[in-house]
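This one's a predicted model, so the numbers in the text were calculated from it and none came from an experiment.
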Amino acid sequence: MVSIPSLWLPILLSAVAVFIASSIIHMVLGYHAGDYRKLPAEDDVMAALRKFDIPPGDYLVPCAGSAKAMKDPAFMEKFKAGPRIMMTVMGSGGEMSMAPQFIQWFLYCVVIGITSAYISGRALAPGTHYLQVFRFAGATAFFGYSLALWQSSIWYRKSWGTTIRLTIDGLIFGLLTGGFFGWLWPR
């Protein structure tokens with residue numbers, strides 16, 4: 001068994017590597033450019049919504065509020081008439097800063113590293129061969145970065161293309177994490 005504190009270096013280095021790789025994927029490679037489409041008549045839609053001053057949060061339109069209300073003929077009429085929308089409102093105004101998201105993303109990468117350390121450390125002994133460590137830590141990281149994303153396509157109709165691209169990212173992140181753990185595993 002290998003303790004989590006003895007794996008602090010692969011945890012941090014894999015988090016840094018994943019952070020850098022994700023930056024390259026999103027800012028240089030550009031294969032996520034099509035994840036979101038521009039809304040037709042964007043300016044008109046924004047102006048129409050702006051007057052409602054919708055607080056930040058997740059919204060469903062139309063929203064029945066309960067399973068019983070979903071059977072109400074008035075709700076069914078709104079549902080059939082459409083449009084049906086799931087949206088996240090992030091607020092309005094203020095500066096455009098991604099610093100809070102970058103900080104949260106890095107901390108999430110550390111959490112995935114800690115999870116990989118925990119599972120690998122419980123399953124493998126010091127001196128375990130590189131490839132075995134790579135498999136355990138890499139698979140655990142891949143699961144953490146990727147598998148829950150599929151729920152968004154299943155339940156919330158997020159584009160399957162986006163989910164597949166994010167899963168490929170997760171595979172890259174898992175490979176990086178597995179590599180650092182295999183390389184720095186206690187001997």
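With hydrophobic clusters built from ILVMFWY side chains whose heavy atoms lie under 4.5 angstrom apart, Leu29 shares a cluster with Ile172. No path of Ile, Leu, Val, Met, Phe, Trp and Tyr side chains, each step under 4.5 Å between heavy atoms, connects Leu107 with Phe102, placing them in separate hydrophobic clusters. When hydrophobic clusters are built by joining Ile, Leu, Val, Met, Phe, Trp and Tyr residues whose side-chain heavy atoms come closer than 4.5 Å, directly or via intermediates, Leu166 is not grouped with Tyr36. Two different hydrophobic clusters hold Tyr145 and Ile103 under the rule that ILVMFWY side chains link at heavy-atom gaps under 4.5 Å. When hydrophobic clusters are built by joining Ile, Leu, Val, Met, Phe, Trp and Tyr residues whose side-chain heavy atoms come closer than 4.5 Å, directly or via intermediates, Val45 is not grouped with Met86.
Using a 4.5 Å heavy-atom cutoff, the side chains of Pro62 and Arg84 are in contact. Tyr59 has its side chain out of reach of Thr88: every pair of non-hydrogen atoms, C-beta onward, lies at least 4.5 Å apart. You'll find the side chain of Thr167 reaches within 4.5 Å of the side chain of Phe142, heavy atoms only. Considering only heavy atoms from C-beta on, Thr140 stays 4.5 Å or farther from Thr177 through its side chain.
For Trp8, the CH2 atom is loosely surrounded, since the number of other residues' heavy atoms within 6.0 Å does not exceed 12. Other residues, nucleotides and ligands place no more than 12 heavy atoms under 6.0 Å from the CH2 atom of Trp183. At most 12 non-hydrogen atoms from other residues, nucleotides or ligands lie less than 6.0 angstrom from CD of Glu77. Within 6.0 Å of CE on Met87 lie more than 12 heavy atoms contributed by other residues, nucleotides or ligands. Surrounding NE2 of His26 are more than 12 heavy atoms belonging to other residues, nucleotides or ligands, all under 6.0 Å away. By the neighbour-count criterion of 12 heavy atoms within 6.0 Å, atom OH of Tyr118 is sparsely surrounded, having that number or fewer from other residues, nucleotides or ligands.
Evaluation of the salt bridge (Lys or Arg N to Asp or Glu O under 4.0 Å) test over residues 151-171, restricted to residues two or more places apart or in two chains, returns Asp35-Arg165.
The backbone N or O of Ala125 lies less than 3.5 Å from a partner atom in the side chain of Thr128, making a donor-acceptor pair. Proximity of a side-chain donor or acceptor of Ser22 to a complementary backbone N or O of Phe19 within less than 3.5 Å is detected. Of the possible donor and acceptor atoms, none in the side chain of Ser120 sits under 3.5 Å from a partner among the backbone N and O of Ala117.
Nearest heavy atoms, Ala64 versus Ala69: O-CB, 3.3 Å. The shortest heavy-atom contact between Ser146 and Leu171 is OG-N, 4.1 Å.
Taking CD1 from Ile11 and CG from Leu184, the interatomic distance works out to 11.0 Å, rounded to the nearest 0.5 Å. Summarising the geometry, atom SG belonging to Cys109 is positioned 11.5 Å from atom CD1 belonging to Ile114; distances are rounded to the nearest 0.5 Å. Taking CD1 from Ile119 and CG from Leu124, the interatomic distance works out to 11.0 Å, rounded to the nearest 0.5 Å. Residue His129 holds its NE2 atom at 12.5 Å from CZ of Phe134, rounded to the nearest 0.5 Å. Rounding to the nearest 0.5 Å places CZ of Phe79 at 11.5 Å from SG of Cys63. Note that the CZ atom of Phe106 and the CG atom of Leu12 stand 6.0 Å from one another [nearest 0.5 Å].
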Could you go step by step and tell me if Trp105 and Val18 meet the side chain to side chain contact (heavy atoms under 4.5 Å, CB included) rule?
-> CA-CA 10 Å; Trp105 173 240; Val18 167; 3.9 Å; yes
For the pair Ile168 and Phe173, evaluate side chain to side chain contact (heavy atoms under 4.5 Å, CB included) and give the outcome as yes or no after the intermediate values.
-> CA-CA 9 Å; Ile168 292 167; Phe173 304 157; over 6 Å; no
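Taking the six-membered ring where tryptophan is involved, the planes of Phe181 and Trp185 are tilted, since the angle between them lies from 30° to 60°.
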